[in-house]
> 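After the structure tokens below, expect a handful of questions from me.
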Protein chains: 2
Amino acid sequence: MKKTVITFSIIALSLLGLLQISTYSVTAGVTKIELVIAMIALVFLGIGIWISKKKPSQNNTVETNIPTEKITELGLSAREYEILQKISQGYSNKEIGEQLFVSENTVKTHVSNLFQKLEAKRRTQAVQKAKDLNILP
Amino acid sequence: MKKTVITFSIIALSLLGLLQISTYSVTAGVTKIELVIAMIALVFLGIGIWISKKKPSQNNTVETNIPTEKITELGLSAREYEILQKISQGYSNKEIGEQLFVSENTVKTHVSNLFQKLEAKRRTQAVQKAKDLNILP
DNA sequence: GGAATTTTGGTACTTTCGTATGAGCCCATT
DNA sequence: AATGGGCTCATACGAAAGTACCAAAATTCC
């Protein structure tokens, strides 16, 4: 934590210096404005990317959670999504039925509706598409 | 894909415009240089962060590599692994046969052997296990 | 060159999956 | 009360998937 503070202090100071130099270069007519602006842009672009890479924890949590929006967007019901998850875990219709305490026929019905909504012909394809849509890990 | 191209084109044009305006503002003496530079810095900082979040693939490539060792460890042949990949992409045996220029029967044979080695009973289960073993992305 | 694998392919059969259709139940909205 | 959506279940059929067993090319390995 202390290290982070020190690092950022140094960076902040460096940037301040950079800005001062830039301003001076321009006002003194040493350098062209476009060049300075481009430099600044590049530097901060790099800094932005660097920051994101240094803090991947926030990114990952953002990616791996809350698929709720897209699920409802696709018109998937809670039960259908539940079954989709079971399918992706490799269970058969019969097994899914046992786990959810419903008949295999019911599972088939849900699966069929699910495929229509995902425009899939096979369960493997449904899983693939669902992962592309980020509604499955 | 088309959407991505369009998006980036618009962004690129916007940035060009922004730079032009900035340059003009300064040369015309309308705005202070420090302000413009700060603006540019902020904008590109944001863009940098955004890019990293949108393209986590480069970060993940480090994690998603070289499954070769484990594949041979499981006794999977090259062909079997090839078919495993096709399965995970959602293709049917028939489609896989067409893509690899072999008969559907051949694919079935490979699939059957594959399942034994992965101790899977279904293709969805095979995919699941393969991903757990990190031999599939 | 011969042995061991791998790859290919076939037949035949069982099982699972997927679709179509119809129907009853429950719950919320109109 | 009526309508609609979600969940349940059944039957019946066709299409894939999966298994078992066998066998011939093609490769690789020694």
Side-chain angles (χ1 to χ4, degrees), chain A residues 66-133 135-136, chain B residues 66-133 135-136:
Chain A
I66 328 169
T68 327
E69 325 115 25
K70 287 179 184 171
I71 294 173
T72 51
E73 198 174 291
L74 286 162
L76 294 192
S77 74
R79 207 56 161 169
E80 284 162 359
Y81 180 64
E82 206 175 353
I83 286 177
L84 174 60
Q85 291 177 317
K86 295 289 184 185
I87 288 178
S88 79
Q89 287 160 19
Y91 295 112
S92 70
N93 289 339
K94 193 178 176 183
E95 288 170 343
I96 295 172
E98 287 165 1
Q99 288 176 31
L100 302 183
F101 304 105
V102 296
S103 81
E104 188 184 343
N105 287 316
T106 303
V107 177
K108 283 188 180 184
T109 305
H110 288 310
V111 168
S112 208
N113 295 330
L114 180 65
F115 286 0
Q116 280 189 291
K117 294 174 183 175
L118 284 178
E119 296 175 59
K121 289 179 180 174
R122 284 167 286 283
R123 33 181 64 212
T124 47
Q125 198 177 26
V127 171
Q128 171 61 27
K129 291 201 173 191
K131 292 192 175 180
D132 278 348
L133 292 166
I135 61 178
L136 278 184
Chain B
I66 327 171
T68 326
E69 326 113 26
K70 287 179 185 172
I71 295 172
T72 51
E73 198 174 291
L74 287 162
L76 294 191
S77 74
R79 207 56 160 170
E80 283 162 359
Y81 180 64
E82 206 175 353
I83 286 177
L84 174 60
Q85 290 177 317
K86 296 288 185 186
I87 288 177
S88 79
Q89 287 160 19
Y91 294 113
S92 70
N93 289 338
K94 194 178 176 184
E95 287 170 343
I96 294 171
E98 287 165 1
Q99 289 177 30
L100 301 184
F101 305 105
V102 296
S103 81
E104 187 184 343
N105 286 316
T106 303
V107 177
K108 282 189 180 183
T109 306
H110 287 310
V111 169
S112 210
N113 296 330
L114 181 65
F115 286 0
Q116 280 187 292
K117 294 174 184 176
L118 284 177
E119 296 176 58
K121 289 179 180 174
R122 284 166 286 283
R123 32 180 64 212
T124 45
Q125 199 177 27
V127 171
Q128 172 60 29
K129 291 201 172 190
K131 292 192 175 180
D132 278 349
L133 292 166
I135 61 178
L136 277 183

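Chain letters run A, B, ... following the sequence lines, proteins first, then strands; residues in each count from 1.
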> Give a yes or no on whether a salt bridge exists between B:K70 and B:E73, defined as a side-chain N under 4.0 angstrom from a carboxylate O.
no
> Excluding sequence neighbours, so at least two apart, what forms side-chain hydrogen bond (donor to acceptor under 3.5 Å, both in side chains) with A:K117?
A:E80
> How far does the helix from C:dG1-D:dC30 to C:dT30-D:dA1 bend, going by the axes of its first and last five pairs, to the nearest 10°?
60°
> In whole Å, what is the span from the CG atom of B:N105 to the C1' atom of D:dC21?
13 Å
> Does B:E119 offer a backbone N or O that forms a donor-acceptor pair with the side chain of B:K129 under 3.5 Å?
yes
> Just the rounded figure in Å: distance from P of C:dT5 to CG of B:L76.
16 Å
> Tell me the interatomic distance from B:K86, atom NZ, to D:dA16, atom C1', rounded to whole angstroms.
19 Å
> Under 4.0 Å from OP1 or OP2 of D:dC9: is there any side-chain N or O of A:T106 that close?
yes
> Taking the side chain as every heavy atom from C-beta outward, state whether A:L100 and A:T106 have any atom pair closer than 4.5 Å.
no
> Rounded to the Å, how far apart are B:I96 CD1 and C:dT8 C1'?
16 Å
> For B:G75 and for B:V102, locate the closest nucleotide of DNA chain C by heavy-atom distance; then report the residue assigned to the nucleotide nearer the 5' terminus.
B:G75
> Counting primed atoms plus P, OP1 and OP2 as sugar-phosphate and everything else as base, spell out the protein contacts along nucleotides 16-30 of chain C at 4.0 Å heavy-atom distance: B, S or - for each nucleotide, 5' to 3'.
-BBB-----------
> Under a 3.5 Å threshold, yes or no: a donor from one side chain and an acceptor from the other, between A:N113 and A:R79?
no
> Choosing from D:dA10, C:dG10, C:dT6, which nucleotide comes nearest the side chain of B:S77?
C:dT6
> What is the separation between atom CD on A:E80 and atom P on D:dT8, rounded to the nearest whole Å?
11 Å
> Check whether any side-chain N or O of A:S88 sits under 3.5 Å from a backbone N or O of A:Q85 as a donor-acceptor pair, and report yes or no.
yes
> Within this structure, what is the CZ-to-P distance between A:F101 and D:dT8, rounded to whole angstrom?
12 Å
> My understanding is that only residues two or more places apart in sequence, or in another chain, count here; which of them pass salt bridge (Lys or Arg N to Asp or Glu O under 4.0 Å) with B:E104?
none
> Return the nearest nucleotide to the side chain of B:H110; candidates are D:dA10, C:dT7, D:dT8.
C:dT7
> Go through the structure and list residues passing side-chain hydrogen bond (donor to acceptor under 3.5 Å, both in side chains) with A:E98, not counting sequence neighbours.
none
> May I have all residue pairs that pass salt bridge (charged side-chain N to carboxylate O under 4.0 Å, His left out) and include part of residues 85-97 of chain B, sequence neighbours excluded?
A:R122-B:E95
> Between B:I83 (CD1) and D:dA17 (P), how many Å, whole number?
12 Å
